[in-house]
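Structure, as structure tokens:
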Amino acid sequence: MAAATAIELPAGQTSSAPAVPWRPRINPWIVAMTVTLATFMEVLDSSIANVALPHIAGGLGATQDEATWVLTAYLVANAVILPAGAYMTTFIGRKKFYMICVALFGISSAMCGLAPTLPLLVFFRVLQGIGGGGLAPSEQAILADTFPPEKRGQAFAMYGLAVVVAPAIGPTLGGYITDNFDWRWIFYLNIPICLLSLYLTSRIVEDPPWVEKQVKESQKGGIRLDLLGFGLLGLTFGSLEFVLDKGQEDDWFSSHLIMFFCVTMVIAFIVMIWWELKQLRDGHRPILNLTLFTRRQFAVSFVLMFVLGFSLYGTTILIPQFVQTLMGYTAELAGKVLSPAGFMMMAMMPVVGYLSGKIDPRKLIAYGFLMLTLSLLYMTNLNLQLSYGQLVIMRMFQASGLAFLFIPINTIAYIGVKQSESNDVSGLTNLARNIGGSCGTAFMATMLTRRTATHESMMVRNLTTANQGFNSQVKSMAGSFKIGNGTGPVGGGPSLGAMHQAQAYIYNQLHRQSANLAYVDIIRDLAIFCACMLPLLFLIPRPPKHASSSAGH
């Protein structure tokens with residue numbers, strides 16, 4: 001295995017001494033903290049703007065529906081650049097690419113804060129998404145090459161803190177900043193962090209020899225970018241993100257616009273696969289390294305990461321929405337329901353990182369999905385009488401399963417992968433998590449609307465004047481209202497105003513209960529979805545001891 005990570009000698013030159021694995025000049029943990037800084041900020045930014053949308057709409061004279069483009073633009077740009085990051089690294093180097101992404105993210109963040117109109121804000125959010133999209137996969141690849149195989153799980157634990165904890169605290173932090181300062185500060189907050197990250201990266205991070213060699217080979221004869229591949233990539237994932245984000249809002253396939261983007265996505269995807277395979281056959285560097293999917297370990301880990309993103313982001317949005325719309329929580333208090341689970345994951349990640357070097361990662365993943373399934377089944381007890389403490393416990397139970405998934409899935413993804421393909425692995429696994437999160441959010445929004453309507457239509461059948469029980473309940477409740485009681489058509493009975501108020505109250509309770517049942521349906525479906533992942537683990541071959549990206553050599 002050492003030979004796989006050694007510095008290569010010039011052609012024809014041999015050495016009797018054993019090859020020495022490359023190691024960074026700086027302590028690997030300092031490198032890990034440096035690259036995690038910007039990644040945490042970027043992932044935080046994907047959720048921190050959610051609670052500020054009403055303020056953004058009001059400040060820029062737009063409707064709230066128009067303001068949602070602030071989120072959509074970021075997600076679309078993010079999805080396009082995630083898989084393309086490895087390709088760009090081949091031409092300019094990983095460190096340089098990472099620093100360009102940090103600089104672009106910082107500059108566009110400043111411009112977002114200064115934007116005077118919504119169209120300009122959306123444009124700068126696209127630039128911010130492009131810059132941010134390259135940070136997470138670059139960090140993951142840097143960690144995979146910086147740490148030896150036996151410590152790689154612990155390194156991914158730090159990375160996991162960024163991509164798992166940040167979405168949980170984003171809404172709380174965004175709500176606090178928006179309520180106490182101004183929505184523009186959620187963007188200004190990024191600027192000092194970007195400056196610090198640029199300084200530290202320039203002094204601490206370095207490209208390993210095989211990355212430098214790859215760059216030199218790619219630059220021979222000039223840099224020739226695959227513009228058609230970029231165009232097809234943008235059309236495919238851009239259209240997919242648009243459909244997922246706007247589908248429920250536009251009633252899915254009843255909308256000609258959604259249909260247009262669906263057709264565009266399918267056609268672009270088919271042509272993109274054909275083009276990327278053709279590039280591979282012709283000996284050119286493809287933007288998407290599709291050969292990775294020929295390895296069962298990577299293919300299964302891609303699916304598992306998709307489900308992890310689906311469950312994580314779906315429930316991260318579901319729980320705050322439940323407590324705000326049905327239980328009257330403020331945005332800040334709703335965020336506090338999630339915060340203890342975030343701290344729990346912070347505490348669990350190093351433990352899982354340590355265990356990943358000692359225990360078969362398949363067993364850790366099995367435990368994680370089992371706990372996640374059980375926690376979701378426990379959450380089907382969701383009701384409108386739950387206390388704050390009970391909600392926190394439910395979320396912490398779920399977090400105990402999530403913590404055992406992220407690191408082992410990433411560990412398995414790198415098994416049998418060449419060092420030169422580390423960026424491809426990180427880009428595609430992050431894409432799986434990103435698309436999974438978008439699908440989870442779209443699934444939740446669609447199912448919530450439709451299941452609420454279904455339960456409401458079933459329950460409302462009994463709320464008619466032909467039902468004596470309903471009439472009795474209305475009269476009983478109307479007697480407690482102070483709207484002209486004793487002046488009704490029947491002497492001493494409740495007035496018509498009180499009767500109408502009682503009926504309105506009962507209907508409001510019916511709507512709340514219908515929505516509650518819809519949330520329970522969604523959570524039950526998520527539990528079934530997660531349970532279905534357990535059989536996939538049997539498809540993964542037993543990983544070698546200290547599984548690593550060089551295991552295949």
Side-chain angles (χ1 to χ4, degrees), residues 5-8 20-45 81-82 84-107 109 130-149 151-163 166 190-219 353 410 414 417-427 429-430 548-550:
T5 55
I7 300 176
E8 298 185 19
V20 180
W22 174 85
R23 290 290 176 262
R25 292 177 292 104
I26 307 295
N27 186 301
W29 288 108
I30 297 178
V31 176
M33 287 187 286
T34 298
V35 293
T36 299
L37 185 67
T39 303
F40 183 87
M41 169 193 66
E42 184 274 325
V43 180
L44 183 72
D45 225 63
I81 202 65
L82 274 172
Y87 181 79
M88 296 303 299
T89 299
T90 304
F91 293 99
I92 61 177
R94 185 190 295 156
K95 176 180 177 179
K96 189 177 293 185
F97 175 73
Y98 185 79
M99 292 182 67
I100 289 172
C101 288
V102 173
L104 179 59
F105 189 85
I107 294 170
S109 294
I130 292 172
L135 295 178
S138 296
E139 182 201 346
Q140 190 173 333
I142 289 170
L143 293 178
D145 287 337
T146 299
F147 284 80
K151 293 185 179 180
R152 193 161 290 143
Q154 297 174 47
F156 284 147
M158 181 170 290
Y159 172 65
L161 291 178
V163 300
N190 299 330
I191 300 172
I193 300 176
C194 282
L195 292 174
L196 178 61
S197 176
L198 280 173
Y199 173 76
L200 292 176
T201 303
S202 65
R203 301 295 299 272
I204 293 172
V205 179
E206 55 187 309
D207 282 341
W210 54 87
V211 172
E212 294 177 351
K213 179 182 177 183
Q214 193 177 50
V215 172
K216 289 178 181 177
E217 291 177 352
S218 300
Q219 291 181 349
N410 273 299
Y414 280 88
V417 174
K418 300 175 184 177
Q419 289 171 328
S420 59
E421 296 175 330
S422 293
N423 288 318
D424 296 283
V425 173
S426 58
T429 51
N430 278 276
S548 72
S549 61
S550 58

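Everything numeric here is computed off the predicted structure, so don't read it as measured data.
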Separation between [atom1] of [X] and [atom2] of [Y], rounded to the nearest 0.5 Å:
X	Y	atom1	atom2	value
L143	T36	CG	OG1	6.0 Å
T201	K96	OG1	NZ	14.5 Å
F105	I191	CZ	CD1	10.5 Å
T146	I30	OG1	CD1	12.0 Å
L135	I100	CG	CD1	11.5 Å

Heavy atoms only: give me the nearest [X]-[Y] pair and the separation to one decimal.
X	Y	value
M41	N190	CG-OD1, 3.3 Å
G134	C101	CA-SG, 3.8 Å
E206	K95	CA-CD, 4.3 Å
V102	A38	CG2-CB, 4.0 Å

Checklist entry - Looking only at atom types and distance, does a side-chain atom of S202 sit under 3.5 Å from a main-chain N or O of Y199, one as donor and one as acceptor? => result yes

Item to check | Side-chain donor/acceptor of Y98 to backbone N/O of V35, under 3.5 Å | outcome: yes

